[in-house]
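Residues take their numbers from the sequence shown, with the count starting at 1. Since this is a predicted model, take the numbers as computed values, not measurements.
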Amino acid sequence: MNQISASAIGAADDFVAVSVFPKHEDHAVLRSIFRSSDRPLCPGSSWALKACTTLDEALLILKKGGIPLVLCECDLQPGSWKELLSAMEALPDPPYLIVTSRHADDRLWAEALNLGAYDVLPAPFDAAEVMRTLSVAWLRWNDREKPQASRLAKSAA
């Protein structure tokens, strides 16, 4: 398994997600879930959340690299999850985007998945569903072939 850069996330953490929500209450709910939930797919791992209230703030963190997952509110103002997804595609090792919405319907799910988001989580958050979704996404992100590593291997051959 590839290791997440300790300099990007802090030496004590195995997993860091970025949350992009305009309301501080949403960040607090996710932090509470991170602290209190069992992590059956990633036992013994330490999880942390970097809270951002704007797209620009999130992109500054993401450009440093090493972040596997981003949770983003569907209805950001200014900006949107689509703008964040587009900007993340330019990163050398883009994280998976999980869109959240209080109005998560089939239309949003179809649009998000077709545009390249990893998943959609309905709000208010169910702790078990959040942890299951994030655990599986983290495992998939961590096990995938990294774009930069693939380019380096091809150039060395």
Side-chain angles (χ1 to χ4, degrees), residues 1-35 39 42 45-104 107-125 129-152:
M1 239 189 232
N2 295 322
Q3 295 295 318
I4 299 172
S5 165
S7 63
I9 64 172
D13 298 317
D14 293 328
F15 171 100
V16 174
V18 169
S19 60
V20 189
F21 296 99
K23 296 179 182 174
H24 294 285
E25 297 83 21
D26 292 324
H27 299 290
V29 169
L30 285 172
R31 277 199 180 97
S32 175
I33 290 171
F34 273 38
R35 277 192 303 269
R39 295 176 256 311
C42 307
S45 63
S46 169
W47 292 36
L49 191 68
K50 290 190 182 231
C52 302
T53 56
T54 67
L55 288 176
D56 290 339
E57 186 181 352
L59 288 171
L60 285 174
I61 292 171
L62 295 173
K63 287 178 182 176
K64 294 176 185 175
I67 302 293
L69 302 177
V70 176
L71 293 103
C72 182
E73 167 60 42
C74 178
D75 300 319
L76 290 175
Q77 293 301 324
S80 73
W81 67 268
K82 294 176 199 175
E83 290 176 56
L84 180 58
L85 182 63
S86 178
M88 288 181 355
E89 289 172 355
L91 298 173
D93 194 12
Y96 287 160
L97 177 66
I98 298 169
V99 179
T100 70
S101 176
R102 294 195 184 326
H103 308 289
R107 189 179 139 276
L108 176 60
W109 247 285
E111 180 181 31
L113 297 178
N114 283 328
L115 291 177
Y118 178 80
D119 205 350
V120 174
L121 279 174
F125 299 120
E129 184 175 4
V130 168
M131 294 312 298
R132 183 176 44 256
T133 299
L134 294 179
S135 294
V136 171
W138 181 80
L139 289 170
R140 286 191 64 196
W141 184 88
N142 207 36
D143 285 342
R144 71 183 180 171
E145 182 177 334
K146 304 296 186 198
Q148 186 174 16
S150 176
R151 285 192 298 270
L152 290 174

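Looking only at side-chain heavy atoms (C-beta outward), P122 and W109 come within less than 4.5 Å of each other. Considering only heavy atoms from C-beta on, P94 stays 4.5 Å or farther from E89 through its side chain. Counting only heavy atoms from C-beta outward, the side chains of W81 and L76 never approach each other to under 4.5 Å. Contact annotation: the side chain of T100 never approaches that of C72 to less than 4.5 Å [non-hydrogen atoms, C-beta and beyond]. At least one side-chain heavy atom of V20 sits less than 4.5 Å from a side-chain heavy atom of L84. You'll find the side chain of Y96 stays beyond 4.5 Å of the side chain of V70, heavy atoms only. Side-chain contact between I61 and C52: present, with at least one pair of heavy atoms (C-beta onward) separated by less than 4.5 Å. For the pair L62 and P95, the minimum side-chain heavy-atom distance is below 4.5 Å.
Geometrically, R140 does not engage Y118 in a cation-pi contact, judged by NZ or CZ lying under 6.0 Å from the ring centre and within 45° of the ring axis.
Without hydrogens or angle criteria, N114 side chain to A110 main chain gives a donor-acceptor distance under 3.5 Å. The backbone N or O of M131 lies less than 3.5 Å from a partner atom in the side chain of S135, making a donor-acceptor pair. Although no hydrogens or angles enter the test, the distance criterion places a donor-acceptor pair under 3.5 Å between the side chain of T133 and the main chain of E129.
Across all their heavy atoms, F125 and V130 have their closest contact at CB-CG2, 3.7 Å. When all heavy atoms are compared, the tightest approach of A51 to E57 is O-OE2, 3.5 Å. In this structure, A48 and F34 approach most closely via the heavy-atom pair O-CE2, 3.3 Å.
The CG atom of L97 lies 10.0 Å from the CG atom of D119; values are rounded to the nearest 0.5 Å. Taking CD of Q77 as the start and OG1 of T54 as the end, the distance is 13.0 Å to the nearest 0.5 Å. With rounding to the nearest 0.5 angstrom, the NZ atom of K82 is 13.0 Å from the CG atom of L55. Here the straight-line distance linking atom OG of S19 with atom CD of E73 works out to 11.0 Å at 0.5 Å rounding. The line from NZ of K50 to NE2 of H27 is 13.5 Å long, rounded to the nearest 0.5 Å. With rounding to the nearest 0.5 Å, the separation of CZ in F21 from OG1 in T53 is 12.0 Å.
A salt bridge between D26 and R102 is present, with a side-chain N of the basic residue lying under 4.0 Å from a carboxylate O of the acidic one. Checked for salt-bridge contact, D93 and R144 meet the test: a charged N lies under 4.0 Å from a carboxylate O.
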Intermediate values then yes/no, side chain to side chain contact (heavy atoms under 4.5 Å, CB included), L85 and L115: CA-CA 8 Å; L85 182 63; L115 291 177; 4.1 Å; yes
